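Quantities reported herein were computed from a predicted structural model and do not represent experimental measurements. The basis for the numbers below is simple: all heavy atoms, side chains too, and nothing from hydrogens, waters or symmetry mates.
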Amino acid sequence: MFNLLKLDLRRLFKSRSFYIILGVTAALIVLMVGTISAVTDQEKLDALQNTGMVVTNGSSEDMQEQLQGMTRLDFVHECLGSGFLLLLAGIGVTLFVHSDFSSGYVKNICFARPRRWEYVLSKLLLTGVYSGIVTVLGVLLSLVAPLLFKIHLESGPAAEILQYAFWLWLPTWAFALMGLGLVLLTRSSTLGIILSVVSGGGLIAAFLQNLCQQLGWHNLAQYLLSMVVSSQCVPRPDASQMVMILGCSTGWALVYAAGSLIAMEKRDI
């Protein structure tokens, strides 16, 4: 299994889609921070409004007041708390695993190593590495980008930032396993990409939450990973939030892992 993982890691770092996902992650964060810098500078804000852009959330002074006293950790959460890392990790894992089938790689591997569970377990670990790299990149860029745009933030303990990165990584890993399971089930990347966009963007959570409200049910949407990231992965989570993150991430990871093993064993390569 670990030999398969080493082979997958070697292929990952040679994969074009991997660097595209990292590039998109970097571009989105830099664009986000650049926009924040623009709307907190009155001259830049006036220039944007002169181009026809409509700013509906107050003046630059209001934006500056929101940034005053904000720590780096709080700013990282403002950048990553929307859950868009879920979307990118899900799409990235989907594209990478699908390349196994489009290239014939999986046939060669499973011919040499007939025990398919080893292939699935190596992909589970690889998904953890993939989501970890995306998460670390997102956190680092959220810390560095404000310096590039001269946004002054209060410093904070590095341990808190590391803790936030860890709790953000867990649901990102679990969500990325959805892409793995769907590819092994359908042998296609289409469904994995669509569900990564729809679910990672919070649309499914919003629909389920509204449905539960209409029917008077318990709010089931809070257990979806997109909602876990936006509501539970706060800068300084308490014990109950940590339990919620760990429980939902573990639960969904087990569902996707079991589905992946069943799909791989029951279908022909």
Side-chain angles (χ1 to χ4, degrees), residues 15-96 130-156 161 164-165 168-169 171-172 175-176 179 193-194 196-203 205-206 225-227 229-231 233-235:
S15 171
R16 181 182 302 176
S17 64
F18 174 63
Y19 294 102
I20 292 176
I21 292 296
L22 296 185
V24 171
T25 303
L28 288 175
I29 294 176
V30 171
L31 179 61
M32 188 186 310
V33 177
T35 303
I36 294 174
S37 174
V39 298
T40 54
D41 187 304
Q42 190 60 49
E43 293 183 359
K44 295 179 181 178
L45 184 61
D46 292 339
L48 289 175
Q49 291 175 331
N50 290 335
T51 62
M53 181 177 292
V54 178
V55 179
T56 61
N57 197 22
S59 63
S60 62
E61 288 79 7
D62 297 329
M63 301 295 181
Q64 290 174 358
E65 288 181 1
Q66 294 180 15
L67 287 176
Q68 286 180 357
M70 182 178 288
T71 65
R72 294 175 181 174
L73 175 59
D74 293 326
F75 189 83
V76 169
H77 176 64
E78 290 296 323
C79 292
L80 306 180
S82 63
F84 75 95
L85 291 184
L86 301 180
L87 184 155
L88 294 171
I91 293 177
V93 170
T94 297
L95 293 175
F96 182 77
Y130 198 117
S131 58
I133 293 174
V134 172
T135 303
V136 170
L137 177 65
V139 172
L140 290 178
L141 284 175
S142 299
L143 293 172
V144 173
L147 302 178
L148 300 177
F149 291 97
K150 298 181 180 179
I151 297 177
H152 302 287
L153 302 169
E154 299 292 334
S155 60
I161 297 177
Y164 178 79
L168 182 62
W169 167 64
T172 305
F175 186 89
I193 293 175
I194 291 175
S196 293
V197 173
V198 175
S199 183
L203 295 179
L225 293 171
S226 59
M227 287 293 290
V229 169
S230 61
S231 62
C233 293
V234 297

*Asks:* So, does S37 use its side chain to make a donor-acceptor pair with the main chain of V33 at under 3.5 Å?
*Replies:*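 No.
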*Asks:* Would you sort out whether L153 and L143 count as a side chain to side chain contact (heavy atoms under 4.5 Å, CB included), showing the intermediate values?
*Replies:* CA-CA 10 Å; L153 302 169; L143 293 172; over 6 Å; no
*Asks:* Output the distance between atom CG (L86) and atom CD1 (I91), rounded to the nearest 0.5 Å.
*Replies:*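 These two atoms lie 11.0 Å from each other.
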*Asks:* Measuring from atom CG of L87 to atom OG1 of T172, what distance do you get when rounded to the nearest 0.5 angstrom?
*Replies:*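 Spacing of CG (L87) from OG1 (T172) equals 11.0 Å.
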*Asks:* To the nearest 0.5 Å, what is the distance between NE2 on H77 and SG on C233?
*Replies:*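 Reported to 0.5 Å precision, the distance equals 8.5 Å.
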*Asks:* To the closest 0.5 Å, what do you measure between OG (S199) and CG (L225)?
*Replies:*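 Reported value, rounded in 0.5 Å steps: 7.5 Å.
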*Asks:* Between side-chain atoms of residues 19-29 and protein atoms elsewhere (two or more places apart, or another chain), which donor-acceptor pairs fall under 3.5 Å?
*Replies:*
residue: Y19; atom: OH; partner: F13; partner atom: O; Å: 2.7
residue: T25; atom: OG1; partner: I21; partner atom: O; Å: 2.8

*Asks:* Begin with the C-alpha distance, continue with both residues' side-chain angles, and end with the deciding distance and a verdict on side chain to side chain contact (heavy atoms under 4.5 Å, CB included) for L85 and W169.
*Replies:* CA-CA 9 Å; L85 291 184; W169 167 64; over 6 Å; no
*Asks:* Rounded to the nearest 0.5 Å, what separation is found between the CD1 atom of I151 and the CZ atom of R72?
*Replies:*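 Atom-to-atom, I151:CD1 and R72:CZ are 12.5 Å apart.
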*Asks:* When rounded to the nearest 0.5 angstrom, what is the spacing between OG in S230 and CG in L80?
*Replies:*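 Atom-to-atom, S230:OG and L80:CG are 13.0 Å apart.
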*Asks:* With sequence neighbours excluded, give me every salt bridge (charged side-chain N to carboxylate O under 4.0 Å, His left out) pair touching residues 78-87.
*Replies:*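 Every candidate salt bridge (charged side-chain N to carboxylate O under 4.0 Å, His left out) pair involving residues 78-87 fails, so no pair, neighbours aside, qualifies.
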*Asks:* Yes or no on side chain to side chain contact (heavy atoms under 4.5 Å, CB included) for F175 and S226, after CA distance, side-chain angles and deciding distance?
*Replies:* CA-CA 9 Å; F175 186 89; S226 59; 5.8 Å; no
*Asks:* Mind checking what makes ring pair (Phe, Tyr, Trp, His ring centres under 6.0 Å) contact with Y130, not counting sequence neighbours?
*Replies:*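 With sequence neighbours excluded, Y130 shows a ring pair (Phe, Tyr, Trp, His ring centres under 6.0 Å) to F18, given in chain and number order.
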